[in-house]
Colleague: 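Questions regarding the structure given below will be posed in turn.
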Amino acid sequence: MDTLLSGQLLFAALVSGSLYALVALGLNLVYGTLRLLNIAHGDLVMIGAYTAFGAFSLFHLPPVISVFLAAAVCAGLGWAVYEGLFRRLLANPTLAKRVEANSLILFYGISVILQNVVAMTFTASSRGYQYLDTVITWGGVSMTGNRLLTLIVASAVCFGTLLFLRHTLFGWSLRAVIERREAAQVVGVNLNRVQLITICAGFAAAGVAGTLVSMTEQITPFMGFPFTIVAFVVIIVGGLGNIGAGVLAGFCLGLVETYGIALTSPGYRSILIYGLFVAVLLIRPEGVFSKAVRS
Amino acid sequence: MKGLILGLVCVAGAAAVPMLGNPYYTGVIFQLAMWIALAQSWSMLSATTGYLSLGHAVFYGIGAYVCVLLTGSVPFAVTLIAGALAAGIFAAAIGLPVLRVRGPYFVILTYGLSELVRHVVMRIESALGSFGRMIFIVPPIEVLMWCMLGLATLACLGAWAIRHSTFGAGLSAIREDEVAAETVGVPVTRLKLLAFVASAIIPGAVGGLALLRTSYFEPGQAFDPVISFTIVTMALVGGTETVRGPILGAVALTLLSELLWSNLPQLYMVVLGSTLIGFILFVPRGVSGLVDQIAGRR
Amino acid sequence: MALLDVKNVTKQFGGLKALSDVSMTVEAGEIFGLMGANGAGKTTLFSVIAGHVPPTAGEVHFDGRRITGASPSRICRAGLCRTFQIVRPFGGLTVAENVRVAALYGAGGRQDRAAVARAVDDALEAVGLADRREILASGLTLSGQKRLEIARALATGARLVMLDEVMAGLNPTEIAAMLETLADLRNRRGLTFVIVEHVIGALMTLSDRILVLDHGERIAFGTPDEIGRDAKVAEVYFG
Ligand SMILES: Nc1ncnc2c1ncn2[C@@H]1O[C@H](COP(=O)(O)OP(=O)(O)OP(=O)(O)O)[C@@H](O)[C@H]1O
Ligand SMILES: [Mg+2]
């Protein structure tokens, strides 16, 4: 019981919650605007992680700097994917008719390529580096600097994005696209531009998350998929395309997971996550935190 | 009719492969038949109704699990039938709530369900203190291959029969517009459930056979989501509009994997990924559509 | 006994009462008109009767049996079929395949191939789509798709067919032809129709009796003549 009430556990929950929120934020942005399920999202986290790892081991760049590099690399991939593949897919009526199936396969293809290109470049063995891993104790809670940094950066990016969406013109047009695609186009939103920028931003968010992960965990070319799944759980719980609720759901998942495991055992982690995922999809596919809008 | 004859000739030819005396070729035929059976079964639900399942590994895994639990106590044919039945019963049990969920939600729900079952089985197995189960007495590879060939044939005939039946007409109406289908008398819920069960049964038996082939059960592998992805990929690369689509897709990708996988697995995966992207963008009707085009031009 | 008996049906959508306490009876073999301004609740009434939307209160009986709560497919197989104001063709199937599904699964439950083929031909003939049978339904014009809605409903073998604004978008010649077709189907095959139409002239010519809805309430009921003279109807329609 003592451990359950400790600040230690709460801190751990918040760190993973903020990371989940950030990974899911990117996925949700892409789903919201493009209506496509990006099952390669976790692989962008992996790309971000390898960018940071590469920058650290080759040029001794600390993650606080390489995080920008990782974001840029992922945003560039977003640009390439959108311009190279999805504009073509969405513009072709026969392809667009079965856009769900088609985009799923496209993203699967992208995922497979990213994983194996990285595996061929860096080998498939796990990698890691040390950065800010000294333990600091603060108000009775011991933490490593890199975890604290993860919490701060991930939260800042999430809440910064939410503020941006609420208070800028671009944010408004993006939300318009998410909520009313056709109507948004009619009132003069440049759909193409919004989609391009959003997919870049969504991919960049994954890159940032990857950098954060690389500071605290071993990385492998195949580390991405669990992140994809967690991100899916989060945005399903929050409601697909519902950005704010997704961030909230990310933190909630961190709490549920950390405390759930503390109460049972780590062996139940996956069952917990997938159980939640399936239950939400069966009972409230529109999301736990969204107002019911099903007809 | 021409297709049927061609199909039977292929089956007969494949069944005679063990006479070449090279077990490698027998193994390749086993793989080919396995993927054809799986992709074709998948198409019974997903190509007809448009409900895209990304969780067919669960049926395969259940079949394998039931088979490994029964092996030793009953004859091997019975274990396969039990595996098929278990998969069908599982589909029937979860079908109603699952098939209420549509579009992209259905895709990820089936995936999530399959993973949930995988982790539950892994948990059960580790609670029982088992970290993989070996099977010591298995039928020879030829027998397994013939059984698999039988399943593939059954799946193709089944898929063909569905497409040409009243049932199939109802399913394609469901794919096009569920509400309108219901309005003109199609019992949508019942047909969807039937299609779901139909597409689960053969994968159950396939899982059992594949297990006997490797003679080793490990839940992480038996329920591997890569199986689900591969099935969808093969069916879509082959083309979902015809019965021969999934066959062509399974053949193309199995052969590609035989050529590249053992030597250059990572390169194989990159080629696979690129092939997929290329097909989706440039050959949307799959290999099957491509064949039509070439045949039409002549 | 009436073929269709709607008893005190109320439908509430959140705060909006789309139907309040509506009753009506339709006799076998009649053409029953349903009128009302936009949003009066006509389509909602169809949806309640055909089983697409459960009523908040009230019951529907068809052919002496209570059908409230039954699924649309059961109601269809019992012999009652509706069309959609906003058309819902099976876009990826051909026109003939669209109708064939209805013939296979509808009220007749026809299993014999020849009977199915005949039902398809008859229905296509009746609505004038016989020459377009092999094209994809998505390739039809809107007026073509409206005809397809009728053809599908007819092919189910339903005894009672409910048509929701199927003449919207047709030109006067086409409307005249359609009126003739419907009257003919009633006379020759003994079908019963409930028809919603904004083309008031058509409705007046065709209907035996007309019910007028306004904001979900029944405000008038009678023969076309009586409706034409009704003060409340005049007020709703002509201000
Ligand atoms: N599913 C629904 N949810 C909420 N409100 C609905 C729903 N369906 C209909 N309504 C409302 O119920 C009222 C009646 O609608 P209905 O479509 O039945 O009218 P109508 O008489 O068919 O009109 P029209 O002539 O425009 O077709 C309208 O105010 C409509 O907005
Ligand atoms: Mg209406």
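The sequence lines fix the lettering, A, B, ..., with proteins before strands; numbering per chain opens at 1. These numbers come from the heavy atoms of this one structure, side chains and all, not from hydrogens, waters or symmetry mates.
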Colleague: Using a cut-off of under 4.5 Å on heavy-atom pairs, state which of B:S172, B:A169, B:P187 scores highest against chain C.
Modeller: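 Top count of heavy-atom pairs under 4.5 Å with chain C: B:P187.
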Colleague: Below 4.5 Å from any heavy atom of chain B, which atoms of C:F90 appear? Answer side chain, backbone, both or neither.
Modeller: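 Interface part for C:F90: both.
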Colleague: Counting only heavy atoms from other residues, nucleotides and ligands, does the tally under 6.0 Å from CD of C:Q12 exceed 12?
Modeller: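 It does: C:Q12 CD has more than 12 such atoms within range.
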Colleague: Please determine whether a side-chain nitrogen of the Lys or Arg among B:D292 and B:R244 lies less than 4.0 Å from a carboxylate oxygen of the Asp or Glu.
Modeller: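 Between B:R244 and B:D292 there is a salt bridge, with a charged N closer than 4.0 Å to a carboxylate O.
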Colleague: Could you check whether any side-chain heavy atom of B:I108 comes within less than 4.5 Å of a side-chain heavy atom of B:L54, counting everything from C-beta outward?
Modeller: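 Result no, sub-4.5 Å side-chain heavy-atom pair not found.
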Colleague: Between B:L191 and chain C, with a heavy-atom cut-off of 4.5 Å, which part of the residue counts as in contact: side chain, backbone, both or neither?
Modeller: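 Side chain only.
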Colleague: Just so I understand: if I count every heavy-atom pair under 4.5 Å between each of C:E149, C:H52, C:E97, C:R100 and chain B, which residue has the most?
Modeller: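 Ranked by heavy-atom pairs under 4.5 Å with chain B, first place is C:H52.
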Colleague: Could you pull out the closest heavy-atom pair between B:C156 and B:I36, with the gap in Å?
Modeller: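 The pair with the smallest heavy-atom distance is SG-CG2, 3.7 Å.
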